[in-house]
Amino acid sequence: MTNPTKDRVLIFDTTLRDGEQSPGATMSHDEKLEIAHLLDDMGVDIIEAGFPIASEGDFQAVSEIARQAQNATICGLARANFGDIDRCWEAVKHAKSPRIHTFIGTSPLHRAIPNLTPDAMADLIHETVSHARNLCDNVQWSPMDATRTEWDYLCRVVEIAIKAGATTINIPDTVGYTAPVESADLIRRLIATVPGADEVVFATHCHNDLGMATANSLAAVAGGARQIECTINGLGERAGNTALEEVVMALKVRGDIMPYETGIDTRKIMHISRRVAAVSGFPVQFNKAVVGKNAFAHESGIHQDGMLKNAETFEIMRPEDVGLSATNLVMGKHSGRAALRAKLRDLGYELADNQLRDLFVRFKDLADRKKEVYDEDLIALANAGLDSESDRLQIRHLRVVCGTEGPQTAALTMTIDGREVSTEATGDGPVDATFNAVKALFPHEARLQLYQVAAVTEGTDAQATVTVRMEEKGRIVTGQSADTDTVVASAKAYVHALNRLLVRRERSGTDLREVSYKDVS
Ligand code: KIV
Ligand code: ZN
């Protein structure tokens, strides 16, 4: 329900475009559809679903999301050339409400890349925005690196884009350079100065290089912006983008000083945060605002005492407002499939029958090995298993010998494209031996960039979540898995990363990270 005393701020989510652009955060087609569905369902106004010209995979994902979205406007990104814009329109035109987002770098540094004079760039902006507007009624235009663009030139190009038919003007802080006072002032002055500015929506798009993305976005709203561009968990290149959960909860909690509202159902935040962390392979830091594991944990004695007397002593938002239920003991090994389905639904997971069957087997297996199974355990199981069905490489058996007497040895059986293969390998520790065995069965040149282990719950029988990041010829992929056996979780995470690498290798054409922004015409 809208509140007449509050201005509506549109939430534009770019997890699937700017977020996925983060090295290693590649998502599969099905994962993108799942995240888009969750975004649509939680009330995001505009979903930037991808960059259709970048690859056939991106094009297919944007088209499919456009066809399936029920509520949100579906937007695709295009550089300032007709080829990009036409391809973008081909993908988004299936949506109930499509949008083309076209951009060009306008700061002196960015203008130097395509070697365009200011006048030539101004002409190009007019031509490309007009072309987009001839295809689609809803056109967003962005002067990339706006916060480092000369004021006069910025006003000039914004005016040209508005005259050419842009309906939203986005002001990107591409390198996270601005600060709150400047961010508010820039939007305020643009609205006051540029002819036609009152007929379009101004958007803010901030990066977090100096840790100010949330503050800068909220300041831009105070200056008159009515669209915030953001990603779940702040996912994005370098230090990431503005975090959706932070701006949305800030507006909700501090409505007294920021009288704006969004259409987001905040109770869906926690689930989508966990799914984005799982499919992108970018874990959420423990002390991350709103969605971090410790965001609602109160360790110190004074805090716990206060919390028991009155939760408001140390809590400015209730855990349930972001969809977090108190950690509780779930079921034991005697619990049935219906109870598991109900519990998972409670946690935000709607599983198909075959997924539930598979998860039930793994739940029983876990309940046999682990005394107490918590919500977090189920979440780790669900996240580790939802995307493994079509994987080309699968672990079948693993036996590892380790201890004080080396060498540590791993005996491994895998299937590769359905064919069963086995080997034995040694290594410097059980994980190294296991990875060597995988490499012997599936030789590859990918370099391990990151190997990280985290316990899901407390106790020595806790599941371990393992994250593995690998790089091959500039392609970076991340794999994740969870198991009470850390070495098994490691093997599965490694194989998960390799499966993603195979998907990346198969992607026809180029990939967003491999497409240069400088190819503007
Ligand atoms: O950060 C940026 O400038 C962008 C543009 C493509 C809008 O993501
Ligand atoms: Zn960006």
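FYI, the numbering just counts along the sequence from 1.
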What I want to find out is whether Glu159 reaches Lys163 closely enough, with some N-O distance under 4.0 Å, to be called a salt bridge. yes
Under a 4.0 Å N-O cut-off, is there an ion pair linking Asp45 with Arg8? yes
Between Gln70 (side chain) and Gln68 (backbone), is there a donor-acceptor pair under 3.5 Å? yes
In plain terms, say whether Asp58 and Lys32 are close enough for a salt bridge, that is, a side-chain N and a carboxylate O under 4.0 Å apart. yes
How would you list, by chain and number, every residue that makes a salt bridge (charged side-chain N to carboxylate O under 4.0 Å, His left out) with Arg87, sequence neighbours excluded? Glu56
Could you state the interatomic distance from CG (Leu154) to CG (Leu186), rounded to the nearest 0.5 Å? 6.0 Å
Quick one: do Arg111 and Glu150 make a salt bridge, cutoff under 4.0 Å? yes
Can you give me the closest heavy-atom contact between Ala166 and Val129, atom names plus distance? N-CG1, 3.7 Å
Quick check against the 3.5 Å criterion: does Asp84 have a side-chain atom that pairs as donor or acceptor with the backbone of Ile53? no
Can you establish whether the number of heavy atoms outside His37 located under 6.0 Å from its atom NE2 is more than 12? no
Side chains of Asp18 and Asn241: donor-acceptor distance under 3.5 Å anywhere? yes
Verify whether the ring centers belonging to His271 and Tyr349 lie closer than 6.0 Å. yes
Check: Glu20 side chain, Met27 main-chain N or O, donor-acceptor pair, under 3.5 Å: yes
What are the two closest heavy atoms between Phe282 and Ser22, and how far apart are they? CZ-OG, 3.6 Å
Should His29 and Gln60 be marked as a side chain to side chain donor-acceptor pair (under 3.5 Å) after you check the CA-CA gap, both sets of side-chain angles, and the distance that decides it? CA-CA 8 Å; His29 181 84; Gln60 294 300 342; over 6 Å; no
Taking 4.0 angstrom as the limit, do Glu472 and Arg447 come out as a salt bridge? no
Do Asn170 and Ser142 have side-chain atoms, one donor and one acceptor, less than 3.5 Å apart? yes
Does Arg267 pair with Asp321 as a salt bridge, N-O distance under 4.0 Å? no
Within a strict 4.5 Å, meaning less than it, do heavy atoms of the Ile379 and Leu347 side chains meet? yes
Stepwise side chain to side chain contact (heavy atoms under 4.5 Å, CB included) check, Met121 with Val157: CA-CA 9 Å; Met121 182 169 283; Val157 287; 5.5 Å; no
Min side-chain heavy-atom separation Val175-Arg148 under 4.5 Å: yes
Donor-acceptor list for residues 131-139 side chains, cut-off 3.5 Å, not counting sequence neighbours:
| from | atom 1 | to | atom 2 | distance (Å) |
| --- | --- | --- | --- | --- |
| His131 | NE2 | Asp86 | OD1 | 2.6 |
| Arg133 | NH1 | Gly165 | O | 2.9 |
| Asn134 | ND2 | Ser130 | O | 3.4 |
| Asn138 | OD1 | Arg99 | NE | 2.8 |

Salt-bridge test for Arg500 and Glu31: reply yes if a basic N is under 4.0 Å from a carboxylate O, no otherwise. yes
If you take all heavy atoms of Ala49 and Ile65, which pair is closest and at what distance? CB-CD1, 3.9 Å
With side chains defined as the heavy atoms from C-beta onward, is the minimum distance between Met144 and Thr106 less than 4.5 Å? no
Taking the side chain as every heavy atom from C-beta outward, state whether Phe103 and Pro143 have any atom pair closer than 4.5 Å. no
Would you say Arg238 has more than 12 foreign heavy atoms packed within less than 6.0 Å of its CZ? yes
How about Thr174 and Asp145: does a side-chain donor come under 3.5 Å of a side-chain acceptor? no
Donor on one side chain, acceptor on other, Thr14 and Glu48, under 3.5 Å: yes
I would like to know whether Asn216 and Ser183 meet side chain to side chain donor-acceptor pair (under 3.5 Å); could you show each step before the answer? CA-CA 6 Å; Asn216 288 337; Ser183 177; 4.8 Å; no
May I ask you to check whether Ser273 and Asn233 show a side-chain donor-acceptor distance below 3.5 Å? yes
Over all atoms of both residues, closest heavy-atom pair of Phe296 and Val290: CE1-O, 3.5 Å
Establish, yes or no, whether the cationic atom of Lys293 lies under 6.0 Å from the six-membered ring centre of Phe286 and within 45° of the ring axis. yes
Test item: side-chain donor near acceptor, Asp13 and Thr15, under 3.5 Å: yes
Residues Ala482 and Ala380: closest non-hydrogen pair is CB-CB, 3.9 Å
Does Lys288 pair with Glu245 as a salt bridge, N-O distance under 4.0 Å? yes
Sidechain N-carboxylate O distance under 4.0 Å for Glu90, Lys93: yes
Non-hydrogen atoms of Thr149 and Tyr153 that approach each other most closely: CG2-CD2, 4.1 Å
Taking atom types as modelled and ignoring hydrogens, do the side chains of Thr467 and Gln452 form a donor-acceptor contact shorter than 3.5 angstrom? no
Are Gln21 and Glu237 linked by a side-chain donor-acceptor pair shorter than 3.5 Å? yes
Under 3.5 Å, side chain of Thr73 to main-chain N/O of Pro98, donor-acceptor pair present? no
